[in-house]
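Take a look at the structure below.
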Amino acid sequence: MRPSRYNFREAEPRWQQAWEKARTFETRTDDPRPKYYVLEMFPYPSGRIHMGHVRNYAMGDVVARYRRAKGHAVLHPMGWDAFGMPAENAAMEKKSHPATWTYANIATMKAQLKSMGLSLDWAREFATCDPDYYKHQQAMFLDFLSHGLVTRKTSKVNWDPVDHTVLANEQVIDGRGWRSGALVEQRELTQWFLKISDYSEELLKALDDLPRWPEKVRLMQANWIGRSEGLMVRWELVEATAPEGQRELEIYTTRPDTLFGASFMAIAADHPLAKAASENNPALAAFCDECRRMGTSQAAVDTVEKKGFDTGVRAKHPLDPNWEVPVYVANFILMDYGTGAIFGCPAHDQRDIEFARAYALPIRPVVRPANLSDAEANAAFDRDAAPFTDDGHLFNSSFLDGLTVPEAKDAIATRLESILLAGKPVAQRKVNYRLRDWGISRQRYWGCPIPVIHCESCGTVPVPKKDLPVKLPEDVTFDVPGNPLDRHATWKHVNCPQCGGKARRETDTMDTFVDSSWYFARFTDPFNAQEPTTLSAIAKWLPVDQYIGGIEHAILHLLYSRFFTRAMTKTGHATLSEPFDGLFTQGMVVHETYKNAEGQWVPPAEVTIESGPDGRRAFETASRHEVTIGSIEKMSKSKKNVVDPDDIIESYGADTARWFMLSDSPPERDVIWSEEGVQGASRFLQKVWRLVGDAMALPSGNTEEIHPVTKAAHKAILAVGEDIERLRFNRCVAHIHELSNALNDALAAEGSGAHGDQIKAAARTMIQLCAPMMPHLAEECWRELGGEGFVADAAWPIGDSALIAESSLILPVQINGRKRAEVTVPADADTATLEVLVLADLAVQAALDGKPVRKVIVVPKRIVNIVV
RNA sequence: GCCCCUGUGGCGGAACUGGUAGACGCGACCGACUCAAAAUCGGUUUCCGCAAGGAGUGCUGGUUCGAUUCCGGCCAGGGGCACCA
């Protein structure tokens, strides 16, 4: 006997086991059908999955299951982004080894993901902390090294002087170390870099070839790469003022047209000239030290007050040897960008004008609006007004006078290129990029070791490939701060692979972004023990057809992966440039917040919502005390507005959780998790169960005519398919609701059983359309409706647009753009016939009220507009 | 400061490429079933108005036979980037 309610607790695990036993979702590499690679960003094993994961993986699973049904060989793998700081923090706090902690979390989260019933190929699972994974990463690093894609240079880190440890930006809070509370200093360390900046132009240009990426993400990447065209200009220093050995100062500018408005030079505290000038100037040295005490994060640099210090050095204007400008050290000039030096033109730059006002420097306007004369512009100039940064015409600028800004940029570049200083042109055109090389060195234990050995006589020597992997030692302690690899008793002491002499291992590990920059490639053949990738598998499966993840990875992860794919291709590990053909960034999961009378946050699980005509009220379930409903915010531990996926799956089942995640909200926007919403989803599942049961109970029978339910079914097939392809899951849900309503109507009207076959067919269609979103219930119903095998293996139904066609349609009629009537007309009537039909209609006649018709506009199958 | 996105009923949202604004769902209300409740089913639900009718997609102006959609200005909310020369 069929139960009247669907029992998900019994059915869901049963179908999960059945799929697993049948190995339904394992991908055969030699599958001859057209491929489709669906990938969701793999999770960090933090301990438990959260609702954001549920949303992300529910979306990916719909795409994967739909593509399977459409006859694709689908690759839909899952793994773990398993290296990173939280494991070390847990090691310090809970005294568990990072590996133990990480693998335990993976086990928990894998069980949670399995309970969602995702169509994943678990046979391909790996964690980036598996030596079997990172040994290939080390091999590729060595290949990158030999192909000139790796460099070693100094860069700054946040140094905690108390804990003697390097801090991540997120560990620096208000300029202090998060544990020690000590003021953070900048320290220079020699570090390993991947030369992503060699690909700046390429990575920028290729953004145009990614039409299936969100415009927003491409724009963010373009801004991050930050191409600018400018001029490198060398300024001769006034000899009497310059430190020993310093003859000139080179700056980079994108506004060379404003050179005649120059009033000062500003250099970074780490600029060689600043260091040289500091030697005999303790006050300047102290100022440079102060600049260095800022954190290395941009946020830290941003919030600091703009300050400068006159070095006493003077520079000669390149076009007027008698014109001298002062050289300042300024805390807002970054050594990393351009040459670490600028010239300031206060009249035409916001930052420069603030600096000039603060240090009483001259402000000379050189660009005027096109509608003013030179004299008017000079008269109108105001030191205290905002700088003029628009395009205009040059004045007060010698041979540039009267030119537009672009003309002046070109003219001054041409002039300066022909002037020689110390035998070389004083200026040179230069395209510059904001994008910097990718520093991958981390002074931490829980990461992929950089496979290099430092030998006193041979220098840096790559670890021979036969010695890979360089494995992390297991016997490490976290009771003191600092890098456990560095203080390990034996690990770093090795013999040099070249000379055999005493040497030491590199103790830095790789940035975890390296791990995630090629995992998608490894998934195409994770079984290859010899090589990182199998080229035939890369060629077959890449690029990823649909990549889905959070917008927070819009820049770094996606840009690094694009670079890494190119680097892999250069070193023979891949055969393409762009790893992700289609990208989708989903919104966050948000929830209401609740506060009790004492002002404490209350978790949703302890709150009961009651709604009536006066709105919604919330009560603590246990005490019945009313709580205040607060704003809707991203789920976070601090506000306690977190809903645990396990609790939801336990109370409602995986299908309900998935269905609700996909309903209502457009996937790129935030979705509000609410108890009412999830209950609505649950009710719909039961409705599907009931409709299928009622349909099944009908006797067989058919008539020639096409029943409305058949039309509804075919309409839904076409609409749902199109909307899945465009990732508009909320609309899919609406279409399925419509079909279920049509089915409900058909069942209610069915007395004699004359249309049994058509109604049953419509029920089957509904189940197939539901299957990508609520796979367990769909399997259960599919079996009942006599479907063969798994619905997961069934071909997607084919919609027949001919069945939907109507012989007549209702056309709205507007008069002067206002809807006044509706006229039923034959679907195939031509424009002239329509005009006659519409004008003859009684309701139209009444609305026209005898006014003369000036014009009739007919939009076929849409609307008729009469102009009177 | 710069850049981007968003703004539609009580709520989430729909409306293809300029062509019937409010699909679908949530909530609410009314009714049926029930001793009763839950569940379920049926109906109503943009606002004003008894109605006829009118208004209406953040505000404002424009283009158009016709604007949620295109353009200008403004307001509000969200996000990203940044002393980037």
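So that the names make sense, note that chain A is the first sequence line, chain B the second, and so on, each numbered from 1. What you see is a predicted model, and the numbers here were worked out from it, not measured in a lab. Values below: every heavy atom of this structure, side chains too, minus hydrogens, waters and symmetry copies.
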Decide whether A:D437 and A:S197 meet the rule of one side-chain donor and one side-chain acceptor closer than 3.5 Å.
yes
Sticking with atom P, work out how far B:G72 lies from B:G18, rounded to a whole angstrom.
16 Å
Can you find a side chain N or O atom of [X] that sits less than 4.0 Å from OP1 or OP2 on [N]?
{"X": "A:N744", "N": "B:G42", "value": "yes"}
{"X": "A:N741", "N": "B:G25", "value": "yes"}
{"X": "A:R434", "N": "B:A82", "value": "yes"}

Side chain of [X], heavy atoms from C-beta onward: which of [options] has the nearest atom to it?
{"X": "A:I857", "options": "B:C65, B:A23, B:C3", "result": "B:C65"}
{"X": "A:E676", "options": "B:G27, B:U20, B:A85", "result": "B:G27"}
{"X": "A:A734", "options": "B:C3, B:A23, B:C65", "result": "B:A23"}
{"X": "A:R683", "options": "B:A23, B:C84, B:U40", "result": "B:U40"}
{"X": "A:L219", "options": "B:C65, B:C41, B:C3", "result": "B:C3"}

I'd like to know if A:D410 pairs up with A:R429 as an ion pair, taking the criterion as any Lys NZ or Arg NE/NH1/NH2 lying under 4.0 Å from an Asp or Glu carboxylate oxygen.
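Judged by the 4.0 Å cut-off on N to carboxylate O distance, A:D410 and A:R429 do form a salt bridge.
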Less than 4.0 Å between a side-chain N and a carboxylate O, is that true for A:E250 and A:R234?
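The answer is no: the pair does not qualify as a salt bridge.
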Rounded to the Å, how far apart are [X] [atom1] and [N] [atom2]?
{"X": "A:E738", "N": "B:A14", "atom1": "CD", "atom2": "P", "result": "14 Å"}
{"X": "A:M220", "N": "B:G79", "atom1": "CE", "atom2": "C1'", "result": "8 Å"}
{"X": "A:I736", "N": "B:A23", "atom1": "CD1", "atom2": "C1'", "result": "15 Å"}
{"X": "A:L685", "N": "B:U40", "atom1": "CG", "atom2": "P", "result": "12 Å"}

Please determine which of A:F729, A:Y652, A:F684 meets the ring-ring contact (aromatic ring centres under 6.0 Å, His included) test together with A:W659.
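Answer to the ring-ring contact (aromatic ring centres under 6.0 Å, His included) test with A:W659 among A:F729, A:Y652, A:F684: A:F684.
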Please test A:F660 against A:W673 for ring pair (Phe, Tyr, Trp, His ring centres under 6.0 Å), starting from the C-alpha separation and ending with a verdict.
CA-CA 8 Å; A:F660 175 58; A:W673 184 274; 4.8 Å; yes
Take A:Y328 and A:Y359 through the test ring pair (Phe, Tyr, Trp, His ring centres under 6.0 Å) and record every step on the way to the result.
CA-CA 10 Å; A:Y328 280 73; A:Y359 295 98; 5.5 Å; yes
If anything within 90° of 0 is syn and all else is anti, what is B:G54?
anti
For RNA chain B, the dot-bracket pattern of Watson-Crick and G-U pairs whose distances stay under 3.5 Å, | for other-strand partners:
(((((((..(((......[....)))((((((.......))))))(((....)))..(((((..]....))))))))))))....
Would you kindly compare A:F343 and A:R5 by the position of their nearest RNA chain B nucleotide and give the one closer to the 5′ end?
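The 5'-side residue here is A:R5.
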Nearest-nucleotide wise, let me know which of A:G338 and A:G680 is further upstream toward the 5' end of RNA chain B.
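Result: A:G680.
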Select base, sugar-phosphate, or nothing to describe what A:I251 touches, counting heavy atoms under 4.0 Å on all strands.
nothing
Whether A:R434 engages the ring of A:W224 as a cation-pi pair (distance to the six-membered ring centre under 6.0 angstrom, angle to the ring normal within 45°) should be assessed.
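Yes.
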Going by the angle between their ring planes, with limits at 30° and 60°, are A:F332 and A:F355 parallel, tilted or perpendicular?
perpendicular
What do you reckon, are the aromatic ring centroids of A:F343 and A:F264 less than 6.0 Å apart?
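No, ring centres 6.0 Å or more apart.
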Scoring nucleotides 5-13 of chain B by protein non-hydrogen atoms under 4.0 Å (B base, S sugar-phosphate only, - none) yields --S----BS
Given A:L691, A:L769, A:D745, the one that forms side-chain contact (heavy atoms from CB on, under 4.5 Å) with A:S740
A:L691
